[in-house]
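Written out below as structure tokens is the structure these notes cover.
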Amino acid sequence: MQDQRNILITTPIYYVNGSPHIGHAYTSIVADFFSRFFRQRGRRAFLLTGTDEHGQKVAQSAEKAGMSPIDFCDQNAALFRAIAERSSVAFDDFIRTTEKRHTSFVQRMWKQFEKNGWIYKGTYNGWYSVRDEAFYAESEIVDGKAPSGSPVEWKEEESYFFKLSAFTGPLLEWYERRPDFVFPEGRFQELKSFVQGGLNDLSVSRCTFSWGIPIEGTNHVIYVWFDALFNYQSALDTPEKFKSFWTDAKVMHLVGKDIMRFHAVYWPAFLAALECTPDTLSADVLERACRHLQIVTHGWWLSEGEKMSKSLGNTIDPFEIIERYGSDYVRYFLLREPSFGYDGNFTREAFTNRITGELINNIGNLCQRTFTLAHKSCGSAVPTRAPSHPLLEVDLQGEMEGLLAEFKINQAIEAVLAYASKANELVQETKPWALFKAGEQERGEEVIFVLLGAIFKIKEAIAPALPDFHKRISEVFGNQAFAPGIKLAPLAKVFEQIAPA
Ligand code: MSP
């Protein structure tokens, strides 16, 4: 039976140390794609996004900007909200970790951890990367840098620790029960190898700066990842929301591959720690606490074949390209180009080729030709002669469901393109304009009926990727279900041409 549970879909909350780049827009667009897809199937989906505002990295950036941390956060959080809106990301909530609903929630969680015996005081001696906001073991340091390539510094400071090491065995046992916990499988294997190496206790507080959630009665603030992960629960700020979109729901966390470890190791451990003591910890507790969780990881975007970086000057500004091409084109390219889960390469050439070759020349051309004839020769209505035809029998939605159950986003889009190509072939073979010209009105109308039916299927299937296209084509059909005789509204242009790369 199909899973009909409500679904909570989350994006990572974005660090506000700088302005959004294309990688941030990407995660949110994928999350939005899935939430639209599930909603289309009648499932209740809650799309959560927001900003991660505490920690040393943000504090340092604020200082550099000569601003107070909170003014700096206000300024940049607004940019993240704006990019989500401009990317047509229909989020249900945008949480900021500086909000009271979040900070008090995290403090409550901290107390529960203490009560359950998971926290002890010690001294952290080791490597820390401010850029990654992560602690690294000596064995992970390569050429004086973190595995991510980020610079690290040696830290010695008093710290509270979380007994993460107790989780090594239980996590490994539980992972075996949940082969689909992390997508894609290969990355899950990497994660298991990391855990097999043995987990160290985790430093979960800092006392050498103050931009964080205070631990009451101490001079410490809570480690930014402990703080951040709980946004997924603190945002569900009424008992009804918590029950509907956590307790009884499926939870899909979309994250980039670089932050898998936090979501697939720390987060399950944190959730389980709320429900047991170190003595009663087991794989069963993990199962109970995390049974509904899935971590879906995606790859990174390269720009013209290279890692994006400010110093190389090859970062792609999402505001700029959306301003230039519109959100549908940008969404289309980002969803269509990479094999989901793996790295993608953003090149101007690939962008132009896909938009022109696939959207404009395939889907766009089909719509343009069909609508023109429907208006000119069929009285601006879906013809009433309704023949049966193999194109109308294709279960495009079913095909998409099968592919998307395995996160094959690009292949799902390809299925729509292949279908549109078949409809275009029908146009070539039957030449409906010639039929009308030759006075074969009935045959012409039959062809137009089939083509309009095909367009209707296409706009539904592609809707999660292209919300604007879906809206405009739905308006042509009077926002009604497809049926013989319904009136068709005019549409000036299906897709705008774009300049060659
Ligand atoms: N604040 C943490 C997340 C906390 S979630 C409880 C964080 N923020 S981030 O702003 O640095 O990154 C957010 C997301 O952007 C991550 O999923 C990351 O993978 C993604 N990307 C950052 N650069 C990227 C690319 N070049 N390409 C694709 N995604 C990338 O991590």
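One-based numbering, in listed order, for ligands and for the atoms of each. No experiment lies behind these values; they were computed from the predicted model shown.
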With a 4.0 Å cut-off on heavy atoms, is K307 in contact with ligand 1?
no

Just to check, does F262 reach to within less than 4.0 Å of ligand 1 when the distance is taken from its heavy atoms?
no

Would you say the ring centers of F113 and F226 fall short of 6.0 Å from each other?
yes

Within-cut-off N or O pair, Y14 and ligand 1, under 3.5 Å:
no

Can you report which non-hydrogen protein atom sits closest to atom 3 (C) of ligand 1, along with the distance?
I13 O, 3.2 Å

Ranked by distance from atom 16 (C) of ligand 1, the top protein heavy atom is I259 CD1, 3.8 Å

With a 4.0 Å cut-off on heavy atoms, is G299 in contact with ligand 1?
yes

Who's the nearest protein heavy-atom neighbour of atom 24 (C) of ligand 1, and how far?
H21 CE1, 3.5 Å

At what distance is the nearest protein heavy atom to atom 6 (C) of ligand 1, and which residue and atom is it?
Y232 OH, 3.5 Å

Which one holds for H298 and ligand 1: side chain close, backbone close, both close, or neither close, with close meaning a heavy atom under 4.0 Å?
side chain

Salt-bridge contact D92-R39 (side-chain N to carboxylate O under 4.0 Å):
yes

I'd like to know if D3 and R5 make a salt bridge, using a cut-off of under 4.0 Å between side-chain N and carboxylate O.
yes

